[in-house]
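Proteins come first, then strands; the chains are lettered A, B, ... in the order of their sequence lines, and each starts at number 1.
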Amino acid sequence: MRSASLQIHLAFKLTTALLAVAGSVVLLLTLTRLIPGDPATVILGSRATPEAVAALNARIGLDKPLIEQVFAFFRRLFSGDLGQDVFNGRPVLGLVLGALPNTAALAISAMLCAIAFGVPLALLSARRPGGRVDRLVAFLSVGFISTPSFVVSVFLLMVFSVTLRWFPVLGAGESGDLGDQLWHLVLPTAALAAGWIGYIARLLRSSLLEMLGENHIRTLRAYGVSEAKILMKYALKPAVLPTVAVVGMGFGELLGGAVFAEVIFNRPGLGSLIYDAIRTRNYPVVQGGVFVIVLLYVLTNLIADLSQSLIDPRERARLASGRGQ
Amino acid sequence: MTEALLTIENLNVSYRGNGRSAHILDGVDIKIGRGQSVGLVGESGSGKSTVAFTLLGLLADNAEVSAGYAAFDGRTRNFAARETASLRGTDIAMVFQDPMTALNPMFTIGTQLVDIQRRRFPRESRKALWARAEAVLADVGVQDAAARMHRYPHEFSGGMRQRVVIAMALLVEPKLLIADEPTTALDATIEAQVVEVLHRLRQRTSASMLVVSHSMGLIAELCDSVVVMYGGTVVESGKVADVLHRPRHPYTQALLACEIDPYAAFDPSQDLATIPGNVPDPARRPQGCIFADRCPARHDRCRERPPQRHARDGQNYSCWLEVA
């Protein structure tokens, strides 16, 4: 009985996730059509023969109606085929999988960095709301949140790479040399994480303060439980729930948002792959790349959703008793 | 034995904010003897919970506390400087009003029962504290305590949660146990059970008790003496039996008239007794008798501050009326 309702919950979540992926594929193919300019003209040049244009359109699948393109996309997907690069015919799947580790490393390290700094800052602020530390953190957070990551990227490059020469300027480092790769990861990570540090610090601070006003915290205070234990244990655990949801969403966003950092720092990755593909109107690569990002986005949201119910015993009980959707 | 466990004279509490200040407690005197149980009664807004919170230093940051004289367990204490925070969880323990929100929903009952003992028994192992908690939980009437220790608050009914909250207070073996409206949030049958637990406790421990409630019935059941509060002042105090049978202050009389006798025949044609009017706004307190506006026996003298009167049997009240 218990596991049955949990399975229903999981099935529901998975179905909505799949629908989101399918919907985004339709949107993706539609947008490709809406972009001004005929892809064939861009790729083949303005003096291409009509036969060559028709042949190219047939190869990309642009000659078929939209609905048929969507079905063709999914049909190929089931056999693990994301299409071919227009120029050299290499499978898109291979290109995307080759670029993914760099982007994933960047997104993961950025999010870990955001959590590692954001959570302690939130705890420091919540310890004495309105105090000097709180006001300083608030000022810095808002500053970080409102500065776009590409501005931070350029600034970091100028200061730490060009002027101080502490960090390398471009690339992802020698493949196989982990130290070098990590070295190259520092500045892009900092650029992407800055805004998220501020965001997590603000968000978690406000949920912490809300929790600290609860009756159950007053109970603990009445028994002389130390403020440190109240803050780090009894207030942090319930307060972390909204932040988990946002981190899940933010991780997916970082995968897409890595485009700027990858372009500016000239790192190979999903972002720069898609960016180059758009410039050259290499539509299969664009579609394949964006599709994988969508897939990861939905997946991280699903994980965040489930880990929330793992943290909250009430949610666990709700799922187990079958009162969930 | 003659020395009281807690003595507070002339306790004043006010809140500052938005350029004005609200006087919540005005010259409150309270004395609790060792092993004695004192009830604090009054309607909502009378300041009775504020007295309890002051004892633990749990008032909000903008509260200003002053007392003419205060002593706990033979030592003078400065309640204004929150020195009393050191009494938390060791000498004074509190049973809170609303058991539905008094426990943290994210942690098991066992974890919470262990952590609240830490201050009292800093050197004990976690295992020993867990065993103590389990024993006390069984003692307050929680069935299958060993397994229940691993459960979360949402898996307990309201009455069971209140027992857990009472168990917390027992675990630290306090000298003074404060029960703040221990039955208000419970329905009638569960209320009776919780009163039964408190009653048993009262007979078994040597701790003094301060029961804060708006129900004279509850206080009559649990306490030796009673302090009646109105609008942040003490209007009457004395032994429970005396105050109940011969209330001297008009407010006490009115409050007793509002009590519902559960054994009386139900008469649908008769309205429930009420005290007309409202508790005075703490920001604009009247100059003279605080109850004058609502008092059925009001006369001209009531514009001045009423005198403290001491009856022969130890009953005190502050009123201009000479009560026979």
Side-chain angles (χ1 to χ4, degrees), chain A residues 2 119 123 125-132 134 204 207-245 307-324, chain B residues 49 52-53 55-61 82 84-109 111-122 150-156 161 164-165 167-172 174 177-178 180 185:
Chain A
R2 288 188 137 212
V119 172
L123 288 167
S125 309
R127 213 165 55 116
R128 216 158 284 143
R132 214 173 285 174
D134 185 31
L204 188 58
S207 10
L208 276 172
L209 288 183
E210 194 186 319
M211 276 307 140
L212 288 174
E214 293 278 332
N215 278 347
H216 51 79
I217 299 295
R218 189 185 62 188
T219 305
L220 298 169
R221 287 207 172 114
Y223 284 92
V225 176
S226 70
E227 279 299 313
K229 194 167 204 170
I230 287 177
L231 192 65
M232 310 275 281
K233 181 175 177 181
Y234 285 100
L236 184 59
K237 194 174 173 192
V240 92
L241 288 173
T243 309
V244 168
S307 54
Q308 246 183 323
S309 17
L310 284 181
I311 295 171
D312 190 342
R314 287 165 301 182
E315 193 68 10
R316 271 199 308 259
R318 201 173 64 83
L319 291 181
S321 68
R323 269 176 286 147
Chain B
S49 288
F53 279 55
L55 293 178
L56 284 170
L58 280 177
L59 295 176
D61 288 332
R82 305 193 176 223
T84 45
S86 66
L87 299 173
R88 290 179 191 172
T90 52
D91 290 328
I92 304 181
M94 188 147 171
V95 175
F96 283 98
Q97 192 169 141
D98 184 1
M100 306 314 267
T101 59
L103 298 166
N104 193 309
M106 308 290 282
F107 293 88
T108 59
I109 296 297
T111 309
Q112 299 184 53
L113 287 179
V114 166
D115 276 349
I116 56 107
Q117 297 178 68
R118 214 9 105 202
R119 181 102 180 245
R120 181 75 173 80
F121 305 104
H150 296 279
R151 301 258 161 232
Y152 291 92
H154 69 261
E155 296 171 280
F156 287 69
R161 285 193 216 186
V164 173
V165 172
M168 280 184 163
L170 293 183
L171 276 169
V172 299
L177 194 152
I178 303 172
D180 181 24

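- The residue among B:Val165, B:Thr108, B:Thr111 with the most heavy atom pairs within less than 4.5 Å of chain A is B:Thr111.
- Taking both residues in full, the closest heavy atoms of B:Pro105 and A:Pro313 are given as O-CG, 3.3 Å, listed atom of the first, atom of the second, then distance.
- In this structure, the portion of A:Lys229 lying under 4.5 Å from any heavy atom of chain B is its side chain and not its backbone.
- Heavy-atom pairs under 4.5 Å with chain B were tallied for A:Ile217, A:Leu220, A:Asp312; the largest tally goes to A:Asp312.
- Counting heavy-atom pairs closer than 4.5 Å to chain A, the top-ranked of the candidates B:Arg118, B:Glu155, B:Met168, B:Arg120 is B:Met168.
- Annotation: salt bridge (Lys or Arg N to Asp or Glu O under 4.0 Å) contacts of A:Glu210 (sequence neighbours excluded): none.
- Chain B forms more heavy-atom pairs under 4.5 Å with one residue of A:Glu214, A:Lys233, A:Met211 than with any other, namely A:Lys233.
- Note that CZ of A:Arg218 is 7.0 Å distant from OG1 of B:Thr101, once rounded to the nearest 0.5 Å.
- Heavy atoms of A:Leu241 lying under 4.5 Å from chain B belong exclusively to its side chain.
- Annotation for B:Arg151: atom CZ does not count as buried by contact number, only 12 or fewer foreign heavy atoms lying within 6.0 Å.
- Residue B:Gln117: no heavy atom, backbone or side chain, is found under 4.5 Å from chain A.
- Both the backbone and the side chain of B:Ile116 have a heavy atom closer than 4.5 Å to some heavy atom of chain A.
- At a threshold of 4.5 Å between non-hydrogen side-chain atoms, the residues A:Thr219 and B:Gln112 do not count as touching.
- Once rounded to the nearest 0.5 Å, the distance linking CD of A:Glu315 with NE2 of B:His154 reads 10.5 Å.
- If you tally non-hydrogen atom pairs under 4.5 Å between each of B:Tyr152, B:Phe107, B:Phe53 and chain A, the highest count goes to B:Phe107.
- For the atom pair CG of B:Asn104 and CG of A:Asn215, the computed distance is 11.5 Å after rounding to the nearest 0.5 Å.
- The backbone N or O of B:Met106 sits nowhere less than 3.5 Å from a side-chain atom of A:Tyr234 that would complete a donor-acceptor pair.
- Closest approach of B:Arg88 and A:Arg221 over heavy atoms only: CD-O, 2.9 Å.
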